[in-house]
Protein chains: 2
Amino acid sequence: MNADASGGKTLMNGNEKLEKARERIIESIAQNIHLYGLTPSAGRQYGTMFFHNEPLTLDDMTEELGMSKTSMSTSVRALSDLKLVERAWKRGVRKDLYQVKDDWYQSFLDLFSIKWRRSVSFHSAAIRRSLAELEELVIDPAIDDGLREEVTIDIEKLLYLRDYYEWLDRLVDAFEDHDIFNLVPIKKPEKDTPNK
Amino acid sequence: MNADASGGKTLMNGNEKLEKARERIIESIAQNIHLYGLTPSAGRQYGTMFFHNEPLTLDDMTEELGMSKTSMSTSVRALSDLKLVERAWKRGVRKDLYQVKDDWYQSFLDLFSIKWRRSVSFHSAAIRRSLAELEELVIDPAIDDGLREEVTIDIEKLLYLRDYYEWLDRLVDAFEDHDIFNLVPIKKPEKDTPNK
DNA sequence: AAGTTCGTACAGTTTTTTCTGTACAAACCA
DNA sequence: TGGTTTGTACAGAAAAAACTGTACGAACTT
């Protein structure tokens, strides 16, 4: 079991060490993926795929994670919806193959875009409607002055919100268009240059 | 009940209209607050506070939302942790008073900062550790070449992640320092200027 | 066309989260 | 000091979410 031929100070062999180092990262992803609105299981799935150098099938994942194929199917779909994972092809393989997208910067931008764009348009629609209603209400001569004042205050608030979501929309634009990299540049493009 | 003195085309009176307009916004917030990691209930609580022009006590919220005081207490804490809500004081009132922070831009930046900063440092720590272990492992003469190659690949991956989180950290800086407003400016500062 | 294989819809179960009521400590009041 | 009032910890109930097994349609094989 613990036979260790080398004169090292550890009881673990090399494979175990590698596995442990990977496991730590995977667990770290699992614990933080809630920021992406995903479950720890999906995070573990992602992490597993991340360290596999070949694309995986649903059956592979079932094997690796000891979970049902149904679960693998649903969570790989969730990962794909957020563009964290993409399909791959390999000739001769009939099963669907999946692999992680390797550009994490882009994945982050995609996440941001998908999540917040949806939110902005949802909110904007609600604000537009309520604003229209209140602007109609405020000029209604039949309402009393106390109410009119309340309505006026609410209109102010909604105008503020409208501006805010308009700003948020432009922020998403800046992410989508990669303008954000002008403000916060990526240091090392892809390859690391030797010696500084 | 539906006595409507005005000659309007609606059956609702002014108060109902106002209430409906508010309700739409509140529900919109409730449906989207999951982006902040909060429950719809907390969102409704926030929305209710948003339209109240006076700070609210826990008992007020219990009244407004028909939920237990315990729930109000826990979710107002969650809202405070994300700096969406702050305590207020009013002389003569013994109870704790809460109100929404009125700067949504700042709230957004706070959220971003709180959520992602924590994530970055968590990930970075894991990466540092695993990287150290693997760099020790890769120079171990006792491991075979197949394993060494795998370890080398993983080290590459971890270096990539390290760069990525370093970038994310700088991105959070840019938000915290308000540099983001240089890239995506707020249009109307606070007050809306009449006639452009 | 019959037989496989694969992915997912769906219903039911397990697990997790949210919510409530009770209980109690701290602060205030008289 | 004894009596309120206020906020929250905690245990249990209710609600929601995650997960599994079965079933089935679609695509491929022969």
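Residue numbers start from 1 in every chain, and the chains themselves are labelled A, B, ... in the order their sequence lines are given, proteins ahead of strands.
Set against dC6(C), dT6(D), dG7(D), the side chain of Lys95(A) has dC6(C) as its closest nucleotide.
In Lys115(A), the NZ atom is crowded: over 12 heavy atoms of neighbouring residues, nucleotides or ligands sit closer than 6.0 Å. For Glu149(B), the CD atom counts as loosely surrounded, since its 6.0 Å shell holds 12 or fewer non-hydrogen atoms of other residues, nucleotides or ligands.
The backbone N or O of Leu168(B) lies less than 3.5 Å from no partner atom in the side chain of Tyr105(A), so there is not a single donor-acceptor pair. Of the possible donor and acceptor atoms, none in the side chain of Ser75(B) sits under 3.5 Å from a partner among the backbone N and O of Ala78(B).
What separates CZ of Arg87(A) from P of dC6(C) is a distance of 13 Å, to the nearest Å. Atom CE of Met61(B) is separated from atom C1' of dC19(C) by 17 Å (rounded to the nearest Å). Atom CG of Leu58(B) is separated from atom P of dG7(D) by 5 Å (rounded to the nearest Å). Protein atom CZ of Arg94(B) is 13 Å distant from nucleotide atom P of dT4(D), rounded to whole Å. Atom-to-atom, CG of Leu65(B) to C1' of dC19(C) comes out at 13 Å; the value is rounded to the nearest Å. dC6(C) atom P lies 13 Å from atom OH of Tyr98(A), rounded to whole Å. Distance, Trp89(A) CH2 to dC6(C) P: 17 Å, rounded to whole Å. Separating the CZ atom of Arg91(B) from the C1' atom of dC28(C) is a distance of 16 Å, rounded to the nearest angstrom.
Ion pairing between Arg22(A) and Glu150(B) holds under the 4.0 Å rule for side-chain N and carboxylate O. Salt-bridge check for Asp173(B) with Arg117(B): passed, with a basic side-chain N closer than 4.0 Å to an acidic carboxylate O. Look at Asp145(B) and Arg148(B) and you find a salt bridge, because one of the NZ, NE, NH1 or NH2 atoms lies within 4.0 Å of a carboxylate O, short of that distance.
Taking 4.0 angstrom as the limit, Arg77(B) places a side-chain polar atom (N or O) nearer than this to OP1 or OP2 of dA9(D).
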Please list each protein N or O that sits under 3.5 Å from an N or O in nucleotides 20-24 of chain C, with the distance.
unit_1, atom_1, unit_2, atom_2, d
dT20(C), OP2, Ser68(B), N, 3.0
dT20(C), OP2, Ser68(B), OG, 3.0
dT20(C), OP2, Ser71(B), OG, 2.9
dG21(C), O6, Thr70(B), OG1, 3.1

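Contacts of residues 38-54 of chain A with DNA chain D (heavy atom under 4.0 Å): Thr39(A), Ser41(A).
Asp110(A) and Ser107(A) form no side-chain donor-acceptor contact under 3.5 Å, judged by distance and modelled atom types alone. For the 3.5 Å distance criterion, the side chains of Ser68(A) and Ser71(A) qualify, holding a donor opposite an acceptor.
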